[in-house]
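Keep in mind that this is a model prediction, so the values were computed, not measured.
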Amino acid sequence: MKGKVLLSVVLMFFAVGLSIAEDRKIKLFIAGDSTAQTYDPEQTLMRGWGQYIGDYLTEDIEVDNRAIGGRSTASFIREERWDKLAGDLMPGDWVLIQFGHNDTSTNPQRHAEPDEYKNNLINFCKEAQEKGAHPIILTSIVMRTFDEDGILVAKRPHFNEYVQLARDAAEEAGVPLIDMNLLTHELVQNLGDEKSKELYFWIKAGEHPRINEDTQDDTHLREKGAECYAELVAGAIKTNVPGLAEYVK
């Protein structure tokens, strides 16, 4: 008799679990740094493309943005942020993975050596796939640095190396690549030095209560840039990522 009761309880919880799974929306997770992060508009005018990607997707998918400023692949692992994200993955979910700016930093709390960076990206993809999720690697957005001839150049000499390593990691892992570095480079180069400032965190003192002095930041984005780059991500998904493309408006 006790065995029958126990079996009934197990079957009941199994049925409830199936019901919850059926009701759950597919999720789009974002693992990344400050360029993708969601910001509090009351605190700053800085924005990340990740906080706008949902505007370009249907209501059938839910965005869960785990990107956070100052993180590299190494620190995202060390702080167990990746473990937490991976633990929340369900079959059919998607993960956008974009790191690189902080991996190239000389700060030992952020820096990842080239081989480490590439391997971390590949391992992220493998672990996501083990959970039945679909990882996508994104290269880092371009830093808005022009030379005297009006040509975009790499602010850090080895930055382009890490961009290529992200491409290599996607190929080796057999996952889709969204080459945001290429897409944003083309856009910013076409806009030119002055016009492209409207995308980045070039802020005048007084534009926001917390901004007391002019800021000239060629890495981070303001609202216009974040929205624009989110649209680029959505467009690349529509073109290059079957399965996820059906969720793009």
Are a donor atom and an acceptor atom from the side chains of Trp202 and Asp214 found within less than 3.5 Å of each other? no
Nearest heavy-atom contact between Val175 and Pro135 is CB-O, 3.5 Å
If every non-hydrogen atom of Ala234 is compared with every non-hydrogen atom of Ile53, which pair is closest and at what distance? N-CD1, 3.9 Å
So which atom in Leu244 and which in Ile61 form the shortest heavy-atom distance, rounded to 0.1 Å? CD1-CD1, 3.7 Å
Answer yes if the side chains of Asp218 and Thr145 hold a donor-acceptor pair under 3.5 Å, and no otherwise. no
Do Tyr56 and Leu96 share a hydrophobic cluster (ILVMFWY, side-chain heavy atoms under 4.5 Å, transitive)? no
Return each pair, listed once, that meets ring-ring contact (aromatic ring centres under 6.0 Å, His included) where at least one residue sits in residues 142-194; pairs must be two or more places apart or across chains. His101-Phe159, Tyr117-Tyr162, His158-Tyr162
Residue pair Gly243 / Trp94: nearest heavy atoms and the distance that separates them: C-CZ2, 3.7 Å
Can you tell me if Tyr52 uses its side chain to pair, donor with acceptor, with the backbone of Glu231 under 3.5 Å? no
State, with a plain yes or no, whether a side-chain heavy atom of Met143 is found less than 4.5 Å away from one of Tyr200. no
Can you tell me how far the CD1 atom of Ile137 sits from the NZ atom of Lys118, to the nearest 0.5 Å? 10.0 Å
Looking at Lys195 and Glu198, is any side-chain nitrogen of the basic one under 4.0 Å from a carboxylate oxygen of the acidic one? yes
Any Lys/Arg nitrogen of Arg144 or Asp193 sitting under 4.0 Å from an Asp/Glu carboxylate oxygen of the other? yes
Sidechain-backbone polar pair: Ser75 side chain, Arg78 backbone, donor-acceptor under 3.5 Å: no
Of the non-hydrogen atoms in Ala166 and Thr139, which two are nearest, and what is the gap between them? CB-CG2, 4.0 Å
Over all heavy atoms of both residues, which pair between Cys228 and Leu199 is shortest? Give the atoms and the distance, please. CB-CD2, 4.5 Å
Are the side chains of Asn240 and Ile178 in touch, meaning some heavy atoms are under 4.5 Å apart? no
Hits for salt bridge (Lys or Arg N to Asp or Glu O under 4.0 Å) against Lys249, two or more places apart or cross-chain, chain-then-number order -> none
Which pairs with one or both residues in residues 47-66 pass salt bridge (charged side-chain N to carboxylate O under 4.0 Å, His left out), sequence neighbours excluded? Lys27-Asp64, Asp64-Arg66, Arg66-Asp88
Taking atom CG of Leu28 and atom NE2 of His134, what is their separation to the nearest 0.5 Å? 11.5 Å
Under 3.5 Å, is there a donor on one side chain and an acceptor on the other for Gln164 and Asp168? yes
